[in-house]
Amino acid sequence: MKINKQLFYSVIFLTTFLSSAQKSETTDQIDLKNWKAVKAENQRHWSIIDDVVIGGDGVENIPRNTYLYSDKEYENFEFRCLFRITGDHSKGLINSGIQYRSIIKDNKIIGYQADIGKGYWGDIYDEHRRGKLVGGELGTLKHILNEEGWNSYIIRCIGNKHVTYINGVKTAEFTEKDPNIPSKGVIGIQLHSGGNAKVEFKHITITEL
């Protein structure tokens, strides 16, 4: 039987596209009923205005770290978002991060974090476990980073390999060698304590790979 090659490849492309689309979870409009704070009393630090997820207000000093996290766990995925962080550096630490493959235990979020903030851009950190895993490479990023404006973040995890990008520039790569570290967990966003930080996230997409 003679097969029309153009039709055959079109069907393959369409099938692949639809399969990929089904795995993509767009969370531009995060419902706080599904994403919640690690500690219920810290829910007040989070809000959604015009589809932008906001942590802090840039005025109040944040007394302790707070996190908003997903109700779903992810293993192999690509996370994308636009983010902005502002605050008065003279009054304390202005910092945030994106948690991933994390677990909630004893009112703490434990797991990997793609760091955000002056002195920490692009670092991969292990929150409440091992500390800093690898520093961000800023050689190129420093020329295009808008420290108080909108930037993009990509986190890609496949197997034990983690790669992060800010504004399309690869900032860090990490290979997990410890088989005891969970390879699946929740995704979250952090508002760090110690200053009057305000962090904003929008156009969040999570694509399972």
Side-chain angles (χ1 to χ4, degrees), residues 17-62 65-88 94-102 104 109 111-118 120-122 127 141 144-157 163-169 171 185-193 195-209:
F17 175 79
L18 290 175
S19 175
S20 174
Q22 288 173 350
K23 293 182 178 180
S24 177
E25 176 186 344
T26 302
T27 59
D28 289 339
Q29 298 181 7
I30 293 177
D31 187 344
L32 286 179
K33 294 178 182 177
N34 297 325
W35 284 57
K36 57 186 177 181
V38 172
K39 292 184 178 180
E41 62 267 29
N42 289 332
Q43 195 83 15
R44 68 183 185 87
H45 292 298
W46 298 98
S47 60
I48 299 177
I49 300 175
D50 295 331
D51 298 334
V52 178
V53 183
I54 302 171
D57 58 11
V59 177
E60 180 184 357
N61 194 71
I62 306 302
N65 291 3
T66 177
Y67 309 82
L68 196 69
Y69 71 97
S70 66
D71 62 340
K72 181 177 177 179
E73 294 187 335
Y74 300 86
E75 185 171 8
N76 297 321
F77 66 90
E78 182 176 279
F79 173 97
R80 290 175 177 253
C81 74
L82 294 181
F83 70 93
R84 177 169 63 183
I85 185 167
T86 53
D88 187 344
I94 305 302
N95 183 270
S96 178
I98 302 162
Q99 294 289 141
Y100 63 96
R101 286 186 176 179
S102 296
I104 309 299
I109 192 164
Y112 303 102
Q113 182 189 115
D115 225 322
I116 294 172
K118 185 176 292 186
Y120 301 93
W121 295 111
E127 189 79 353
L141 181 63
I144 59 173
L145 181 69
N146 186 347
E147 292 202 12
E148 294 191 348
W150 289 101
N151 298 278
S152 70
Y153 225 125
I154 298 174
I155 304 167
R156 186 177 296 127
C157 278
V163 185
T164 62
Y165 303 82
I166 297 178
N167 294 343
V169 175
T171 53
V186 300
I187 287 177
I189 49 183
Q190 180 202 56
L191 175 64
H192 205 289
S193 62
N196 62 346
K198 177 181 179 181
V199 64
E200 301 166 88
F201 294 87
K202 65 180 180 179
H203 304 317
I204 298 173
T205 62
I206 304 169
T207 304
E208 295 186 85
L209 303 175

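What's counted below: heavy atoms across the whole structure, side chains too, no hydrogens, waters or symmetry copies.
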Practice item. Verify side chain to side chain contact (heavy atoms under 4.5 Å, CB included) between I116 and F83, making sure each step is shown before the conclusion. Key: CA-CA 9 Å; I116 294 172; F83 70 93; 3.6 Å; yes
side-chain hydrogen bond (donor to acceptor under 3.5 Å, both in side chains) against [X], all qualifying residues, sequence neighbours excluded:
X    : value
R84  : E200
S152 : none
Y112 : E176
E60  : R44

Point to revise | Residue pair R156, L209: steps toward the side chain to side chain contact (heavy atoms under 4.5 Å, CB included) verdict | key: CA-CA 9 Å; R156 186 177 296 127; L209 303 175; 4.1 Å; yes
Drop me the distance from [X]'s [atom1] to [Y]'s [atom2], to the nearest 0.5 angstrom.
X    : Y    : atom1 : atom2 : result
Y74  : S102 : OH    : OG    : 13.0 Å
N95  : K118 : CG    : NZ    : 12.0 Å
E75  : R101 : CD    : CZ    : 6.0 Å
H192 : I85  : NE2   : CD1   : 10.0 Å

Any side-chain heavy-atom pair from [X] and [Y] closer than 4.5 angstrom?
X    : Y    : value
I62  : N196 : no
E78  : I154 : yes
T205 : R80  : yes
D115 : W121 : no
E127 : Q190 : yes
L191 : T66  : yes
W46  : I189 : yes
F201 : I54  : no

Review point. For I104, which residues count as a side-chain contact (heavy atoms from CB on, under 4.5 Å) partner, sequence neighbours excluded?
Key: V38, Y69, I109, V186
**Study point:** Counterpart residues, side-chain contact (heavy atoms from CB on, under 4.5 Å), relative to T171 (two or more places apart)
**Key:**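 Applying side-chain contact (heavy atoms from CB on, under 4.5 Å) to T171 gives L141, T164, I166.
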Check your understanding: Yes or no on side chain to side chain contact (heavy atoms under 4.5 Å, CB included) for N76 and E208, after CA distance, side-chain angles and deciding distance?
Key -> CA-CA 6 Å; N76 297 321; E208 295 186 85; over 6 Å; no
Review point. Within a reach of under 6.0 Å around OH of Y120, are more than 12 heavy atoms found that belong to other residues, nucleotides or ligands?
Key: no
Can you see which heavy atom on [X] is nearest to which on [Y], and at what distance?
X    : Y    : value
K198 : G58  : CB-N, 3.5 Å
C81  : I98  : SG-CD1, 4.1 Å
N167 : I144 : ND2-O, 3.4 Å

Review point. Does K72 make a cation-pi contact with W35, if we ask for NZ or CZ under 6.0 Å from the ring centre and within 45° of the axis?
Key: no
Practice item. Please determine, by modelled atom types, if Q113 and Y100 share a side-chain donor-acceptor pair under 3.5 angstrom. Key: no
